[in-house]
There are 2 protein chains.
Amino acid sequence: MVELTKTAGVPVYVQIRETLRGEITQEILKPGEKLPSEHELASRFGVSRMTVRQSIAELIDEGLLYRRHGVGTFIALPHLERDHTRLTNSFDPAESKGNNTKPSLLSLEIIPAGPKVAKALYIKEDDLVIRIKILGCANNVPITVHDAHIPHKLFSHVIDKNLKVQDLWSLFEQCGYKVKRAIEHIEAREATKELAKLMKIKVGVPLLYKERTIYAKDGTPVEFTYCYNRGDIYSLTVSLER
Amino acid sequence: MVELTKTAGVPVYVQIRETLRGEITQEILKPGEKLPSEHELASRFGVSRMTVRQSIAELIDEGLLYRRHGVGTFIALPHLERDHTRLTNSFDPAESKGNNTKPSLLSLEIIPAGPKVAKALYIKEDDLVIRIKILGCANNVPITVHDAHIPHKLFSHVIDKNLKVQDLWSLFEQCGYKVKRAIEHIEAREATKELAKLMKIKVGVPLLYKERTIYAKDGTPVEFTYCYNRGDIYSLTVSLER
DNA sequence: GAGTGGTCTAGACCACCCG
DNA sequence: GGGTGGTCTAGACCACTCG
């Protein structure tokens, strides 16, 4: 039986999950190999089988493992196609192509939520939100302006410290909100005066306009962002399933 | 206590899940409302709490519900958003909202494929493709122009007969290609002179520009389409998973 | 038949949020 | 404090797959 270093406050199933994840990513458990049975893992870790299943569930969800009823649980084959149709943690997909991605902070403030933001974040109007404006560049060319809103309540205990604007995702995950999915509402719009100035383009040129809501695993909306992207440079690829 | 009609072979948690899903989609349970507590649901359905949690888990995963620790489980907001994140067989998603959707045929020709079309459809350059241009309107307002290309080889035996432009999908499916997924490449562009004329707008106004490839279940590309959509009317909602 | 995952129980204690 | 979800147990029986 493996002794888990029972870190205070960390659920057992998380510890088991991360142990397994480590063995998979370090290829101690190799792709295609069979995982020990749930029964075996349960006794090995000294927990009940349900707990083992809970540990495994998320790894299956992430595609690291797959199950075959009556056969076993296996390590999945490495993802060949990491297409850009998945939600990724670059500042923005299109920018990760260009190497010189440099997001810069335009403003950071704490304001009461307006109706649209409140609705998207499942909070009340006038509940506080942290508003972060970022200018994204690739190769020193301004390409995107993001106007992000995150619920103050969820993150109030860390905002004062070290808000790394460049990586909101790790902020979310530090606070226990595992980023799971996003819904994007997309339109084409003309550049306003303000945006034109920021992005050094003419007023009226086409922008790809997105309203994006990011959801955590438990369904909590953690971010609502207005995104403005230069239409002539920025493009977006999505995959739709029937 | 609600009696589940214990359909043979269907797990209890699936029955509960579908019961709840039904009440959500029929808006017996309204968006924003609180679901009964897990305890309550357990006794109401006469099952253990773990089973209730299993039922709820998938609905949360799908974004129909969300949880707040120490508060409750709630019905997520409007179905509008979710529904437009799937590939559907309307002439186009945004148009199915307006009732008066009237696609009209602009042109139909058989031409050799250019490099871009050929690459998208996995055929050789100069292989024949059927090119179909369609103007889409809602409430008599022109909203979209589609410039579709389908491989002549796959559909040559039916093209002469009764090509129903309005429903390419059924054409595909008649020929044994079950439509499965689409990949869309999205940009913002200015209206060209030709497009402006067709859509009765000014040259230069922002259009949502898409290049869409539709794939059948077996992976065959069956359609490649340039789509031009009025930016001020047309919008698009997509869902991204991590 | 032996081994696997799939489902389910009837509890328990904890952490969180609210008034 | 009272109610909620979060975690966990120590079993049970079933359905599936394989040899």
Side-chain angles (χ1 to χ4, degrees), chain A residues 1 4 6-20 32-61 64-76 122-124 127-128 151-157 175-178 216-220, chain B residues 1 4 6-20 32-61 65-76:
Chain A
M1 168 175 150
L4 290 170
K6 310 238 171 183
T7 315
V10 179
V12 175
Y13 81 92
V14 172
Q15 297 182 44
I16 295 176
R17 188 223 298 156
E18 296 311 316
T19 301
L20 291 176
E33 244 178 42
K34 191 162 147 324
L35 208 64
S37 76
E38 297 178 350
H39 237 95
E40 160 120 23
L41 286 172
S43 67
R44 188 183 291 188
F45 286 111
V47 299
S48 80
R49 202 182 133 212
M50 288 298 275
T51 303
V52 168
R53 284 180 64 78
Q54 195 175 1
S55 311
I56 290 176
E58 303 208 19
L59 297 175
I60 287 175
D61 219 49
L64 263 70
L65 297 176
Y66 63 95
R67 277 202 266 243
R68 285 255 184 284
H69 192 176
V71 186
T73 305
F74 301 84
I75 287 83
Y122 297 162
I123 60 178
K124 294 191 193 77
D127 278 3
L128 293 181
H152 181 260
K153 193 165 35 168
L154 301 185
F155 304 103
S156 53
H157 51 294
C175 297
Y177 296 100
K178 191 166 169 50
K217 208 190 83 194
D218 67 353
T220 306
Chain B
M1 168 173 151
L4 290 172
K6 309 236 173 185
T7 315
V10 179
V12 176
Y13 82 92
V14 172
Q15 298 182 43
I16 295 175
R17 189 222 299 155
E18 295 312 317
T19 302
L20 292 176
E33 244 178 43
K34 191 163 146 323
L35 207 65
S37 75
E38 297 178 351
H39 230 93
E40 160 120 23
L41 287 172
S43 66
R44 189 181 292 187
F45 286 112
V47 298
S48 80
R49 202 183 131 210
M50 287 299 274
T51 303
V52 168
R53 284 179 65 78
Q54 194 175 0
S55 310
I56 290 176
E58 301 207 22
L59 297 174
I60 286 174
D61 220 49
L65 297 176
Y66 65 98
R67 277 203 265 244
R68 283 258 183 283
H69 192 175
V71 186
T73 305
F74 301 84
I75 288 83

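Just so we're on the same page: letters track the sequence lines, and every chain starts at 1.
Residue A:I56 forms a side-chain contact (heavy atoms from CB on, under 4.5 Å) with just one option from A:D61, A:L65, A:T51, and that option is A:L65.
Using a 4.0 Å heavy-atom cutoff across all strands shown, B:R68 reaches sugar-phosphate atoms only and no base atom.
For B:F74, the ring pair (Phe, Tyr, Trp, His ring centres under 6.0 Å) criterion is met by B:Y66, not counting sequence neighbours. Every residue two or more places apart in sequence or in another chain was checked for a side chain to side chain donor-acceptor pair (under 3.5 Å) with A:Q54, and none qualifies. For A:H69, the side-chain contact (heavy atoms from CB on, under 4.5 Å) criterion is met by no residue, not counting sequence neighbours.
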Candidate pair B:R67 and B:R53, rule side-chain contact (heavy atoms from CB on, under 4.5 Å), full reasoning: CA-CA 11 Å; B:R67 277 203 265 244; B:R53 284 179 65 78; 3.6 Å; yes

Stepwise side-chain contact (heavy atoms from CB on, under 4.5 Å) test for A:T220 and B:R68: CA-CA 8 Å; A:T220 306; B:R68 283 258 183 283; 3.3 Å; yes

Going through the checks in order, is the side-chain contact (heavy atoms from CB on, under 4.5 Å) test met by A:H152 and A:D127? CA-CA 8 Å; A:H152 181 260; A:D127 278 3; over 6 Å; no

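Residue A:L20 holds its CG atom at 10.0 Å from CG of A:L64, rounded to the nearest 0.5 Å.
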Name the pairs: protein N/O against N/O of nucleotides 14-18 of chain C, kept only if under 3.5 Å.
from   : atom 1 : to    : atom 2 : distance (Å)
C:dA15 : N3     : B:H69 : NE2    : 3.1

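The main-chain N or O of A:V10 is found under 3.5 Å from a side-chain atom of A:Q15 such that the two form a donor-acceptor pair.
Spacing between atom CD of B:Q54 and atom C1' of C:dG5 amounts to 12 Å, rounded to whole angstrom units.
Toward the 5′ end of DNA chain D lies the nearest nucleotide of B:R49, the other residue of the pair A:V52 and B:R49 mapping further downstream.
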Which string of ( ) [ ] | and . matches DNA chain D, if you list each base 5' to 3' and count Watson-Crick or G-U pairs only when both distances are under 3.5 Å? ||||||||||||||||||.

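Between A:E58 and A:K178 there is no salt bridge, since no side-chain N of the basic residue sits under 4.0 Å from a carboxylate O of the acidic one.
For DNA chain D, the contact window with chain A, defined by any atom under 4.0 Å from a protein heavy atom, covers D:dT7 to D:dT17 in 5' to 3' order.
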